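The model shown is predicted, which means the values in this text are computed figures rather than measured ones. Each ligand, and each atom within it, is numbered from 1 in the order the structure gives.
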Amino acid sequence: MTPKIARFLAEQQPATPCLVLDVDRVEENFRALQHTLPLARIYYAVKANPAHQILERLVGLSSFFDAASFEEVSACLDAGARPEAISFGNTIKKVSAIRAAHAKGVSLFAFDSQEEMEKLAKHAPGARVYCRILVENEGADWPLSRKFGTTVDNARSLMLRAGEMGLDPYGLSFHVGSQQTTTRAYEIAIGKVAMLFTDLTEAGVNLRMMNLGGGFPVRYRDDVPEIDQFGDAIMTAMVEHFGNNLPEMFIEPGRFIVGDAGLVSAEVVLVCRRDPSDPVRWVYLDIGRFGGLAETEGEAIKYAIATPHDGTAMGPVAIAGPTCDGADIMYEKSNYRLPIALTSGDKVELLSTGAYVTTYASQRFNGFAPLAEYYL
Ligand SMILES: *Cc1c(COP(=O)(O)O)cnc(C)c1O
């Protein structure tokens, strides 16, 4: 928790649940990434947290932006971003969204299939395009599965055709999975994609860019490698494969930029046991899976939780949300322990919840309002 957030909580005592985020920390994270990968251009993945205050701060830092929809493109433009600083990085775009973005001056688009490339050729003629390659997501706590990316062979034939279709075959991209906890995943992906890059260059395609995606992790309950370890591993791998003839490097961090800048202040609604003899207490908070904690599905992302009784005796707990839905359980199998003294009415903090929380909150499921947000 940053001092600014601590002061806000103490002085304002905001109604819970709410997200409180320190925008200065966003800037620090942006600068840390810039420092460790000075040759990479940072495209902030807007979907991680599209709050206007965050986008504005990043515009002030000359950040670039990775947008997943036309609505996100608009949000970036409204925050002062130039259209040339926006990449439409979703490989699944409606024609109307492609046309609208192109009309606003966006000229960089991702694709991973023939049909999407044809849509781009028709509705964003002349645009710079990059093809997303399917890579292993091993080591990622929130993998992107097989929903995105294509094989090296297919990417090769698509990129060879892009020029003939009036597009500018600009680069290749990959994503190693979100909350990627190993540097090795980047090394393997860079090796795979660099080979294709060289191959296409030799075939006469004027490729200029390699997009390394996002995935940089945040410290939740468990430790993760420092950002500099990712920077070192990436630069070493890039130099190994390209020598001193490096292509332009793009990265698309989302979680790393905003995750640890915010926390959720929540209230304990109830503490009970299924049976008095049961050692496990059930702790119900006023936020759950439907209030924004979607990434607790499968107990994938394990948030650290601070309570007013920290430092006193602990015991095992299951942690759930306030709705009447049986899926609204955050943690039952991940060996969470909380103080025995915890009781209803206590305020708790779910730490590092600045990414992938506010936008996942449902619209009034069980009557609960979407998560309140404060940007300091
Ligand atoms: C979600 C996403 C990102 C951001 O990923 P993080 O793990 O939050 O860094 C970057 N690029 C693309 C294409 C994405 O879909």
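For ligand 1, the atoms closer than 4.0 angstrom to any heavy atom of G215 are 5 (O), 6 (P), 7 (O), 9 (O). Taking every heavy atom of R132 and a limit of under 4.0 angstrom, the matching atoms of ligand 1 come to 13 (C). Within ligand 1, the atoms closer than 4.0 Å to a non-hydrogen atom of G254 are 4 (C), 6 (P), 8 (O), 9 (O), numbered from 1 in the order shown. For ligand 1, the atoms closer than 4.0 angstrom to any heavy atom of P253 are 9 (O). Within the listing of ligand 1, atoms 3 (C), 4 (C), 10 (C) sit less than 4.0 angstrom from a heavy atom of A45.
E248 and Y170 share a side-chain donor-acceptor pair at under 3.5 Å. A donor and an acceptor atom, one from each side chain of D275 and S277, are located under 3.5 Å apart. Of the N and O atoms on the side chains of E72 and S74, not one donor lies less than 3.5 Å from an acceptor on the other residue.
Using cut-offs of 30° and 60° for the angle between ring planes, the F216 and F256 rings count as perpendicular. Using a 30° and 60° split on the angle between ring planes, F8 and Y374 fall in the tilted class, from 30° to 60°. Between Y356 and Y360, the two ring planes are tilted [angle within 30° to 60°]. The aromatic rings of F365 and F290 sit tilted, their planes meeting at an angle between 30° and 60°.
Looking at R255, H175, K47, Q180 and measuring to atom 2 (C) of ligand 1, the nearest heavy atom belongs to K47.
For an aromatic pair to be called close, the ring centres must be under 6.0 Å apart, and F250 with F64 fails this.
Protein heavy atom nearest atom 11 (N) of ligand 1, with residue, atom name and distance: E252 OE1, 2.6 Å. Atom 8 (O) of ligand 1 has Y356 OH, 2.6 Å as its closest protein atom, hydrogens excluded (heavy atom only). The shortest contact between atom 7 (O) of ligand 1 and any protein heavy atom is with S178 OG, 2.4 Å.
Within the 4.0 Å heavy-atom criterion, neither part of N90 lies near ligand 1.
Where the criterion is an N or O separation shorter than 3.5 Å, residue side chain and backbone included, F216 fails it with respect to ligand 1.
The shortest heavy-atom distance from A48 to ligand 1 is not under 4.0 Å.
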